[in-house]
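Here is the naming used below: chain letters follow the sequence lines, and residue numbers restart at 1 for every chain.
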Number of protein chains: 2
Amino acid sequence: MYTMDDNCTVYKTMDFISKKWTLLILLELFKGGKRKKRYSEIKDKMEDITPKILSQRLKELEKEGLITRRVDASQFPVKTEYSLTESGRDFIPIISQMKIWALKWKPHKDLCESVDCKNCDL
Amino acid sequence: MYTMDDNCTVYKTMDFISKKWTLLILLELFKGGKRKKRYSEIKDKMEDITPKILSQRLKELEKEGLITRRVDASQFPVKTEYSLTESGRDFIPIISQMKIWALKWKPHKDLCESVDCKNCDL
DNA sequence: GTTGAGAGTTTCTAAATGTATACTATGGAT
DNA sequence: ATCCATAGTATACATTTAGAAACTCTCAAC
């Protein structure tokens, strides 16, 4: 008998990963390999995200250990750079798995494969 | 440049799968192999779920093709039986992957493995 | 001393989601 | 006639989440 009392590992994972924009941020950081990306760079790539949500998501991801934040205060304006940690990179295959699952079982629907997601690298 | 315009396959998958209780329902159906489970049986296993949410989730999962619903009206009271489809069963490894990921990267936290999730079969 | 870029924060509002509690329909058993 | 189990619905309420728009802070350059 289970109770949804937040002890479930998978649920906890789902919980932060399934928030809006989180995946897209992870993918954006994944594109470009190990290169660090700046706050404004991420923001520019994700047209419609608001600064509030972006900074919230980045904090969550950092707290969960999937990304790192590093402030470069040597120049001005200060740059903040984000990149995937090993754990973050290790999460990417799970996203791939989901895409593979969807392509296998939902081929009748519009899938990003055929729309505009060729740059998502999965 | 991406826009979160719901064309993303992975996002659409996440979207229904990450709703509260959905995973647990899937796991409950997965336990016990191919045996069908009844509405009340599922409900009893998941102590705190309300009937509204359970029936909502079951409908979503059916619509998404991960489970099937079959009404057995031959006896009384009528039985409704749910079971995983092939696509539903095929989703289980993704959940496993998440658990493996979490066990690898978050061993410092309480994980269901060590708490009460031994019956989750992942 | 005003402008400007980068990296956010704040406040307020709206929409989506979930919870609690009570109610319905069916038909057999008592 | 009434009670009971199964399989849900319905209504009202609470919480969570996201979005819009404006504001802040730092320091360097003009």
Send over the distance from Gln75(B) CD to dT6(D) P, rounded to a whole Å.
13 Å
Using a 4.0 Å heavy-atom cut-off, write out nucleotides 19-25 of chain D from 5' to 3' as B (base contacted by protein), S (sugar-phosphate only) or - (no contact).
BB-----
Option from Arg70(A), Lys36(A), Arg35(A), Lys37(A) for which side-chain hydrogen bond (donor to acceptor under 3.5 Å, both in side chains) with Glu81(A) holds:
Arg70(A)
Nearest-Å distance for atom pair CG/P, residues Asp15(B) and dA18(D)
11 Å
Please determine whether a side-chain nitrogen of the Lys or Arg among Lys59(B) and Glu62(B) lies less than 4.0 Å from a carboxylate oxygen of the Asp or Glu.
no
Shared hydrophobic cluster for Ile100(B) and Ile17(A) (ILVMFWY, side-chain gaps under 4.5 Å)
no
May I ask you to evaluate whether Arg57(A) reaches the phosphate of dA18(D), defined as a side-chain N or O under 4.0 Å from OP1 or OP2?
yes
Glu60(B) meets the side-chain hydrogen bond (donor to acceptor under 3.5 Å, both in side chains) criterion, sequence neighbours left out, with Arg57(B)
Separation of dT10(C) C1' from Lys59(A) NZ (nearest whole Å):
11 Å
Ser55(A) side-chain N/O to dT9(C) phosphate OP1/OP2 under 4.0 Å
yes
Using the side chain to side chain contact (heavy atoms under 4.5 Å, CB included) rule, take Arg89(A) and Lys34(A) through it: C-alpha gap first, then chi angles, then the decisive distance, then the call.
CA-CA 10 Å; Arg89(A) 252 173 275 123; Lys34(A) 301 214 173 186; 3.8 Å; yes
Length of the line joining Lys19(A):NZ and dT15(D):P, which is rounded to integer Å
17 Å
For Lys19(B) against Tyr11(A), the heavy-atom pair lying closest together:
O-OH, 3.1 Å
Pairs under 3.5 angstrom, nitrogen or oxygen only, protein versus nucleotides 23-30 of chain C, please.
none

Divergence of helical axes at both termini of the helix from dG1(C)-dC30(D) to dT30(C)-dA1(D) - five pairs an end, 10° steps:
30°
OP1, OP2 of dA7(C) versus side-chain N and O of Arg69(A): anything below 4.0 Å?
no
Pairs under 3.5 angstrom only: tabulate donor-acceptor contacts from the side chains of residues 71-80 of chain A to other protein residues two or more places apart or in another chain.
| residue | atom | partner | partner atom | Å |
| --- | --- | --- | --- | --- |
| Asp72(A) | OD1 | Ser74(A) | N | 3.0 |
| Asp72(A) | OD1 | Ser74(A) | OG | 2.6 |

How long is the line joining CG of Leu58(B) and P of dT9(D), in whole Å?
10 Å
Report yes if at least one side-chain N or O of Tyr82(A) is closer than 4.0 Å to OP1 or OP2 of dG8(C); otherwise report no.
yes
Length of the CG-P vector between Asp72(A) and dA5(C), whole Å
19 Å
Distance in angstrom units between Arg70(B) CZ and dG8(D) P, rounded:
14 Å
With heavy atoms under 4.0 Å as the rule, sort Lys43(A) into base, sugar-phosphate or nothing.
nothing
Rounded distance in Å - OH (Tyr39(A)) to P (dG8(C)):
6 Å
What distance do Leu58(B) atom CG and Thr68(B) atom OG1 have between them, rounded to the nearest 0.5 Å?
11.0 Å
Between Tyr82(B) and Ile25(B), is a side chain to side chain contact (heavy atoms under 4.5 Å, CB included) present by the stated rule, with each step listed?
CA-CA 10 Å; Tyr82(B) 295 92; Ile25(B) 294 170; over 6 Å; no
On the nucleotide dA7(C), are OP1 or OP2 found under 4.0 Å from the side-chain N or O atoms that Ser40(A) carries?
yes
For Lys52(B), check salt bridge (charged side-chain N to carboxylate O under 4.0 Å, His left out) against everything at least two apart and list the hits.
none
When clusters are formed by joining ILVMFWY residues with side-chain heavy atoms under 4.5 Å apart, either directly or through shared neighbours, do Leu54(B) and Leu24(B) land in the same one?
yes
Contact summary for Thr85(A) and Gly65(A), nearest pair of heavy atoms:
OG1-O, 2.7 Å
